[in-house]
Peer 1: 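Just dropping this structure here.
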Amino acid sequence: MSKININKSWKYDESLESTSHIKLKDKYDLFIGGEFVKPLSKKYFNTLNPATNQSIAEIADANDKDIDKAVKSARKAFNSWSKLDPKERGKYIFRIARMIQERAKEFAVIESIDGGKPIRESRDIDIPLAANHFFYHAGWADKLEYAFPNKKPTPLGVAGQIIPWNFPLLMAAWKIAPAIACGNTVVLKPAESTSLTALKLAELIQDSGLPKGVVNIVTGAGKTGAAIVNHPDINKIAFTGSTEVGKLIERSLAGIEKKTTLELGGKGANIIFEDAAIDQAVEGIVNAIFFNQGHVCCAGSRLFIQESVADIVIEKLKDRISTLIVGDPLDKNTDIGAINSVEQLKTIEKYIEIGKKEGGEIYQSKCSLPKKGNWCPPTLFLNVSQSHTIVQEEIFGPVLAIQTFRTIDEVIEKANNTPFGLSAGVWTEKGSKIFRLTKELNAGVVWANTYNKFDPSSPFGGFKESGMGREGGLHGLKSYLKFE
Amino acid sequence: MNFPDLEKTLKIDKVGVHERVNRFCKRSIKTSAKTHGLHLALSMIDLTTLEGKDTPKKVVQLCYKAQHLHDSMLDLPTVAAVCVYPTLVGVAKKELIGSGINVASVATAFPSGQSTLEVKLNDTKFAVDQGADEVDMVISRGNFLAGEYNFVFDEIAAIKEACGKAHLKVILETGELDTLDNVRKASDIAMYAGADFIKTSTGKISPAATMSVTYVMLVAIKDYCKKTGIKIGMKPAGGILTAKQSLQYLVMLKETLGDSWMNKDLFRFGASRLANDILMQLEKQESGIYQSLDYFSKD
Amino acid sequence: MSRIDVLKTYKIFIGGKFPRTESGRFSPLKNKDGDLVANICLSSRKDFRNAVVSCRNTQKQWENTTALNKGQILYRIAEILEGRKSQFIEELMMTGSSKYQAKNEVEQSIDRLIYYAGWSDKFQQIFSSVNPVASNHFNFSVPQAMGVISVIAPNEFPLLGLVSIVAPVIVGGNSCIVLSSEENPMVSISFAEVLNTSDVPHGVVNILTGERKELVSYFASHKDVNSIIYCGDKNEEIKEIEKVSVENLKRVKIYKRKNWNDKTSQSPYFIEQCQEIKTTWHPTES
C-alpha cells in the first residue's frame with residue numbers, strides 16, 4: 001500500500017457498478033404475440049451508449065405492416081384478456097412487479113448504459129418506481145367499480161402507447177400497468193434511442209406467462225409511432241413526449257373516435273420565498289433542474305427567487321453545483337450523467353448560445369467532463385426575464401433560467417405566464433402562503449417544499465399545453481376505461 | 001462579539017435535511033479513497049472516556065492506545081486528542097507529553113450544565129490549569145428552551161474568556177434541543193459568543209450525533225464563515241461507531257464545507273469505539289480478509 | 001281599440017349587458033304557422049371575442065367564490081326561473097312545444113338547477129383523493145376549474161339542454177360563452193334575463209345566438225378558451241372542432257345525446273368533465 005498523506009485533498013475514486021451480470025443480445029426483434037419476431041421491414045437500427053456514442057445493439061425498425069401485425073395480436077388477445085376474471089388479471093400484473101424487483105439491478109444498469117442516466121437514479125428511482133407502478137395497478141384490476149361511483153367501467157380495447165427517452169422503463173410501466181389492469185391490451189413503442197429496457201421488459205413479460213399478445217412491444221422512430229397513431233383498430237392513444245408531436249397526434253386524430261391522453265412539455269416555475277428554509281430550497285432547486293440531466297418534462301427550469309434572498313440563494317446554489325459530479329453514468333458517485341443523444345446535446349447547446357446572445361449571464365460549474373460522449377455541465381442563467389427565449393421554451397437539459405421577484409401577485413402572474421402547465425414548486429415555511437400558491441398556480445402537480453417526487457398513487461399530468469388526462473393514482477385509471 | 005440576529009436565522013426543513021443526508025450516504029467510497037478517508041478519520045478522533053468510574057489507570061491505558069493505535073500497521077496517524085473529565089486532565093497531559101496529541105477536558109458541570117456560572121467558571125479554570133488544550137463545555141439547554149438566549153450567549157462568552165489559550169468546544173446537546181431550527185439557532189449563538197468548535201452531544205443523551213444535526217451545524221458554520229471570515233470547527237460526538245459512518249460524515253464535510261475543513265484542526269469525531277472499527281477496515285483493505293475485534297486492543 | 005302589445009327585442013348577453021350583435025345582422029324566427037315571433041341576433045366572431053374577454057375577466061373571481069355561495073346563486077337562478085315559469089312555457093309553446101312538453105321542460109330545468117346547486121359543495125369530495133405515497137409526504141389531488149369554456153348548446157330542448165350544460169360548467173367555477181340552440185334560440189335570451197337577476201356575476205355566463213357553421217371554429221380555436229363543449233352529432237363540425245382546438249390543446253367534450261330529459265342527463269360527472277385535477281405534495285416530519 002502506498003503511503004497515505006492525509007494532508008492531501010481527499011477525492012472519491014471511481015466506483016463503477018458491475019456489468020458482469022448483464023445479458024444483452026446483439027440484435028433485438030419485435031415482441032409481438034408473446035414472441036420475438038423479425039421485422040417485416042427487415043430493417044434494424046443501432047442504439048448507442050450516449051456516454052461513448054458506441055453501438056450497444058441493433059434494434060428492429062417496425063413499419064406499417066409490423067404495426068398492423070402487433071395490433072392484430074393485441075386485438076385477438078383483448079377478447080380473452082378483457083373477459084378474464086379481474087382477480088387473475090391482477091395476479092399476472094403483481095407477478096410482473098415482483099419479477100422487475102428481482103431483476104432490478106440488471107434493468108438499472110441497462111437503463112444507464114442505454115440512456116445515460118446516473119446509476120444512482122436508475123437504481124434508486126426509475127426501476128423501483130417502475131416495479132411499484134405494476135404493483136399499485138395490479139391491485140386495481142378487481143376493484144375498478146369502486147373507483148367511479150355509480151358507473152360501470154369497461155376497458156377500451158387496444159391501446160397504442162408511445163413513450164419518450166427520458167425515463168424508458170418507468171414510462172413503459174406508467175403506460176402498460178394501468179392499461180392492462182383495466183383490461184386493455186397494448187402496443188407500446190419505446191423511444192428509438194432507449195429501447196433496451198422495454199425489450200428486456202418484453203423478455204420478462206414472456207417469462208411471466210402473461211397471455212400472449214396482451215403486451216406487444218414494437219421499436220422504431222417517428223414513422224413507427226405515426227403508424228400506431230393512425231392504425232384504425234386502435235381505441236386509445238397514450239403519448240408522452242414533446243408538445244409539438246402531441247399536437248400533431250391530436251390533429252391527425254381529429255374527427256376519429258380514439259381516446260387520447262397526452263403528457264407533454266413543461267417549463268415549471270420553482271418559486272423561492274424569503275421565508276423558505278433556504279438550504280433545503282437550494283437542494284430543491286438542484287433536484288428540480290439537474291435530476292436526470294434536466295431531461296424531465298416537469299423540471300423546475302424557471303427559478304423565481306424573492307429579491308431579498310436572491311444573493312444568498314444564488315451564492316449557495318453556485319456552491320452546491322460545484323459539488324455535482326458529471327461523468328460516467330455507471331459510476332455510483334455520478335450526479336449528472338450523459339446527455340441522451342448527440343441531437344439533444346446540440347439542442348441544449350443551441351439554447352445556451354441563445355441565452356448568451358440574448359444577454360443572460362451564464363454561470364457553469366467548473367466540473368471536469370469526460371472527453372468522449374455527450375456532456376453538459378450544470379448551467380445557470382442569471383439576469384433573465386420572461387421575454388428571454390430560454391425562459392419561454394423547454395430546453396430539456398441541465399440549464400436553469402433564474403429570475404427575481406418582489407411580491408406574491410407578481411410571481412403568480414409570471415409563473416402562470418406560459419402556455420405550459422405541468423408542474424410548479426413553492427418554497428416557504430408559511431402554510432397559508434403555500435395554499436394560496438398551490439391554488440392559484442396553473443399546474444397539474446405542485447410540489448411545496450419539495451420537488452420532482454413521483455409515486456404510482458399520485459396522479460400526474462398537465463394543464464394547458466402540457467397535456468391532457470392524468471396518469472397514476474385513481475384519476476389515472478379513467479384514461480383506460482369507458483363508462484356506459 | 002455580537003449577539004446574532006436570531007430573526008434572520010435560516011429556517012430548516014427536517015425532511016429536506018434527511019434527503020440531503022441520504023445523498024451523502026449514497027456516495028460510494030472504495031479502494032484508495034477509502035483508505036485515505038479512514039486514515040483521515042482516525043486522525044480526527046477525540047478518544048474519549050467520560051464515566052463516573054474513570055480512574056487514573058484507565059486514562060493511562062487510553063493514552064497509550066491513543067499513541068499506539070495498532071502498531072503492526074505502518075504509517076497510521078495518531079488520534080487528535082484524548083478527552084477526559086477535569087480531574088484526570090493532569091494524568092492525561094503527563095502521558096501524552098511529546099506525542100502531539102491534545103488533551104481535551106469537558107467542563108461546566110458536564111453533562112447537565114445545571115449549576116451556577118461560578119461553578120462552571122471554576123470547573124473550566126481548573127481544567128485549563130491542569131493543562132487542558134481544549135475545553136468541551138455544555139450550554140444551558142433549559143435556559144435555551146426557555147428562550148433565554150442572551151443568558152446562553154453570555155455564559156459561553158464568559159467560559160471562552162476563562163479558557164484563555166485553550167480551544168473552546170461548545171456542546172449544544174442537540175438531543176435535548178428538539179428541533180433542527182433550535183440546533184441552528186444554538187449553533188449561531190455559540191459561534192457568535194466565541195466558540196472555536198461546536199459539538200453535537202455529551203454522549204449521555206440519546207440521540208447523540210446524527211448526520212442531520214451535524215449537517216445543520218456544518219451549514220451554520222459555513223454561513224458564519226461567509227459573514228465573518230472565521231472558520232469554526234465541528235465535532236459530532238456519540239453514536240458514530242463504524243468506519244462506514246465516519247466516511248459518510250467526511251463526505252458530508254467535504255461537500256458542505258470543502259477541503260479546507262478536512263483536518264483535525266477543524267473537524268473531530270468524539271468517539272470511543274470508532275477507532276477500532278476503522279482499524280479493522282484498514283486491515284481488511286490491506287489484507288482482503290474480514291476482521292474480528294479480538295485482534296484489536298480495547299483500551 | 002285593443003291595446004298594442006309591446007314586442008320584445010331579443011339581444012345577446014355579454015358581460016352582464018344586453019347588446020345587439022356588433023354585426024347588426026339578424027335572422028327572423030317564425031312559429032309553426034309561419035308568423036314572425038322575434039328577430040334573433042346573428043352573432044359574429046367579434047361578439048364571441050368580446051364575450052371571451054368578459055369571461056376571462058370574471059372567471060377567477062367566480063372560481064374563488066365559496067362553494068356555498070355558488071350553490072346559493074344556482075339556487076337563486078332556480079327561484080327566479082320558477083317565478084317566471086309561465087313566461088318560459090309560453091315562449092316554448094310559441095316555438096312549437098306542446099303545453100305539456102313546455103311545462104315539463106321548464107320544470108325539469110328548474111329542478112336541474114337545484115340538483116347542481118346541491119352539488120356545488122360536494123363534487124370536490126367525490127373527485128378528490130388523498131394519495132398514500134411511499135415517502136414522507138402528504139399528497140392530495142383536487143379538482144380545479146378549467147377556466148373559460150365555450151359551449152355549443154344542444155339544439156334540442158332549448159331551455160333544458162342549455163341549463164343541463166351550463167349549470168355543471170359554472171357550478172365548477174368556470175365561466176362560459178354559450179351559443180344557444182340554433183333552431184330555437186329565443187328562450188335562451190329570456191334565460192339570460194333570469195341569470196342577470198340572480199346574483200350571477202357579470203360575465204360568468206355569456207349567451208350568443210347565431211349560426212353554428214359560422215361560429216363553431218372560432219369557439220374551438222380561440223387560444224384564451226380552455227375547453228369546448230359541443231352538443232350535437234354533425235361529424236364535420238366535430239372534426240373541425242377537434243382539429244382547430246389543438247391550437248392550445250383545448251379540452252374537447254362532445255355530447256352526441258339528443259335527449260336531455262332522462263335520468264342520465266344529469267350527474268356530477270358533467271361537472272368533472274370541466275375540471276382539471278391538481279396534485280399537491282408537501283413533506284411531513286416523521
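In what follows, chains are A, B, ... by sequence order, proteins preceding strands, each numbered from 1. As the structure is a prediction and not an experimental result, all values here were calculated from the model. Basis for what follows: all heavy atoms, side chains included, without hydrogens, waters or symmetry-related copies.
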Peer 1: Report the distance from atom CD1 of A:Ile434 to atom NE2 of C:His282, rounding to the nearest 0.5 Å.
Peer 2: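 If I round to the nearest 0.5 Å, the distance is 3.5 Å.
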Peer 1: Taking atom CD of A:Glu410 as the centre, does the number of heavy atoms from other residues, nucleotides or ligands within less than 6.0 Å exceed 12?
Peer 2: yes
Peer 1: Between A:Val445 and C:Trp281, is any pair of side-chain heavy atoms under 4.5 Å apart?
Peer 2: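 The answer is yes, as the side chains (C-beta and beyond) meet within the 4.5 Å cut-off.
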Peer 1: Select one option (side chain, backbone, both, neither) describing which atoms of A:Ile256 are under 4.5 Å from chain C's heavy atoms.
Peer 2: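 When you check distances to chain C, only backbone atoms of A:Ile256 fall under 4.5 Å.
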Peer 1: To the nearest 0.5 Å, what is the distance between CG on A:Asn150 and OG1 on C:Thr264?
Peer 2: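 OG1 of C:Thr264 is found 12.0 Å from CG of A:Asn150.
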Peer 1: Heavy-atom count around A:Arg436 CZ within 6.0 Å, excluding the residue itself: above 12?
Peer 2: yes
Peer 1: Does any heavy atom of chain C fall under 4.5 Å from the side chain of A:Phe420, the backbone, both, or neither of them?
Peer 2: neither
Peer 1: Pick one of side chain, backbone, both or neither for A:Ala443, based on which atoms fall under 4.5 Å of a heavy atom in chain C.
Peer 2: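 Interface part for A:Ala443: backbone (N, CA, C, O).
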Peer 1: Check the pair C:Thr279 / A:Phe460 against side-chain contact (heavy atoms from CB on, under 4.5 Å), numbers first and verdict last.
Peer 2: CA-CA 7 Å; C:Thr279 299; A:Phe460 184 90; over 6 Å; no
Peer 1: Which atoms of C:Ile126 come close to chain A, meaning under 4.5 Å heavy atom to heavy atom: side chain ones, backbone ones, both, or neither?
Peer 2: side chain
Peer 1: Nearest 0.5 Å, please: how far is CZ in C:Phe127 from CG in A:Leu474?
Peer 2: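 If we round to the nearest 0.5 Å, A:Leu474:CG and C:Phe127:CZ are 10.5 Å apart.
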Peer 1: Counting neighbours of NZ on A:Lys433 that are heavy atoms of other residues, nucleotides or ligands and sit closer than 6.0 Å, is the number greater than 12?
Peer 2: yes
Peer 1: Angle between ring planes, A:Phe483 versus C:Tyr269, binned at 30° and 60°: parallel, tilted or perpendicular?
Peer 2: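 Parallel: the ring planes of A:Phe483 and C:Tyr269 meet at under 30°.
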Peer 1: If you count heavy-atom pairs within less than 4.5 Å of chain C, which of A:Ser457, A:Pro419, A:Gly255 leads?
Peer 2: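 Most heavy-atom pairs under 4.5 Å with chain C: A:Ser457.
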Peer 1: Around C:Lys122, counting heavy atoms of other residues, nucleotides and ligands shown, do more than 12 lie under 6.0 Å from its NZ?
Peer 2: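 Count over threshold, so yes.
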Peer 1: Is it the case that over 12 heavy atoms from other parts of the model lie below 6.0 angstrom from the NZ atom of C:Lys243?
Peer 2: no
Peer 1: For atom NZ of C:Lys213, decide whether the heavy atoms of other residues, nucleotides or ligands shown that lie under 6.0 angstrom number more than 12.
Peer 2: no
Peer 1: Hey, could you give me the CZ/OG distance between C:Phe140 and A:Ser458, rounded to the nearest 0.5 Å?
Peer 2: 11.0 Å
Peer 1: Rounded to the nearest 0.5 Å, what separates atom CH2 in A:Trp447 from atom OG1 in C:Thr280?
Peer 2: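 Result: 11.0 Å between the selected atoms.
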Peer 1: Looking at every heavy atom in both C:Asn131 and A:Pro459, which two are closest together, and how far apart are they?
Peer 2: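 C:Asn131 and A:Pro459 have their closest heavy atoms at ND2-CD, 3.4 Å.
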Peer 1: How close do C:Ser129 and A:His475 get, counting heavy atoms only, and between which atoms?
Peer 2: OG-CE1, 3.3 Å
Peer 1: Is A:Glu244 atom CD crowded by more than 12 heavy atoms from other residues, nucleotides or ligands, each under 6.0 Å away?
Peer 2: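 Atom CD in A:Glu244 is not crowded, with 12 or fewer foreign heavy atoms closer than 6.0 Å.
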Peer 1: Which value, rounded to the nearest 0.5 Å, describes the distance between A:Asn449 atom CG and C:Thr284 atom OG1?
Peer 2: 12.0 Å
Peer 1: Which one of C:Glu236, C:Glu63, C:Glu240, C:His137 has the most heavy-atom pairs closer than 4.5 Å to chain A?
Peer 2: C:His137
Peer 1: If you count heavy-atom pairs within less than 4.5 Å of chain A, which of C:Glu247, C:Lys60, C:Met146 leads?
Peer 2: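 The answer is C:Glu247.
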Peer 1: With respect to chain C, which residue among A:Gly425, A:Gly461, A:Gly246, A:Gly467 yields the maximal number of heavy-atom pairs within a distance under 4.5 Å?
Peer 2: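 Heavy-atom pair counts peak at A:Gly467.
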Peer 1: Which atoms of A:Glu257 come close to chain C, meaning under 4.5 Å heavy atom to heavy atom: side chain ones, backbone ones, both, or neither?
Peer 2: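 When you check distances to chain C, only side chain atoms of A:Glu257 fall under 4.5 Å.
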Peer 1: Evaluate whether atom CZ of C:Arg257 has more than 12 neighbouring non-hydrogen atoms of other residues, nucleotides or ligands under 6.0 angstrom away.
Peer 2: yes
Peer 1: With a 4.5 Å limit on heavy-atom distance, are the side chains of C:Leu249 and A:Leu262 in contact?
Peer 2: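 Side-chain contact under 4.5 Å: yes.
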Peer 1: Relative to chain A, which segment of C:Asn139 carries a heavy atom at a distance below 4.5 Å: side chain, backbone, both, or neither?
Peer 2: side chain
Peer 1: Among A:Leu441, A:Leu253, A:Leu248, A:Asn442, which residue forms the greatest number of heavy-atom pairs with chain C at distances under 4.5 Å?
Peer 2: A:Leu441
Peer 1: Salt bridge check, A:Glu250 against C:Lys250: does any charged N sit closer than 4.0 Å to a carboxylate O?
Peer 2: no
Peer 1: Examine distances only and state if a side-chain atom of C:Arg251 and a backbone atom of A:Lys464 form a donor-acceptor pair shorter than 3.5 Å.
Peer 2: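 Yes: the side chain of C:Arg251 pairs with the backbone of A:Lys464.
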Peer 1: Would you mind reporting whether A:Lys453 and C:Val133 have side-chain heavy atoms less than 4.5 Å apart?
Peer 2: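 No, too far: nothing below the 4.5 Å cut-off.
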Peer 1: Are any of the side-chain nitrogens in C:Glu276 or A:Arg470 under 4.0 Å away from the carboxylate oxygens of its partner?
Peer 2: yes
Peer 1: For side-chain contact (heavy atoms from CB on, under 4.5 Å), just list the numbers for C:Lys278 and A:Phe463, CA-CA rounded to whole Å, side-chain angles, deciding distance to a tenth of an Å, and then say yes or no.
Peer 2: CA-CA 9 Å; C:Lys278 176 185 276 180; A:Phe463 286 25; 4.2 Å; yes
Peer 1: How close do A:Lys439 and C:Gln144 get, counting heavy atoms only, and between which atoms?
Peer 2: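 Closest pair (atom of A:Lys439, atom of C:Gln144, distance): O-OE1, 3.4 Å.
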Peer 1: For A:Glu465 and C:Asn248, run side-chain contact (heavy atoms from CB on, under 4.5 Å): C-alpha distance rounded to whole Å, both residues' side-chain angles, the deciding distance at 0.1 Å, then the answer.
Peer 2: CA-CA 6 Å; A:Glu465 293 198 21; C:Asn248 66 335; 4.0 Å; yes
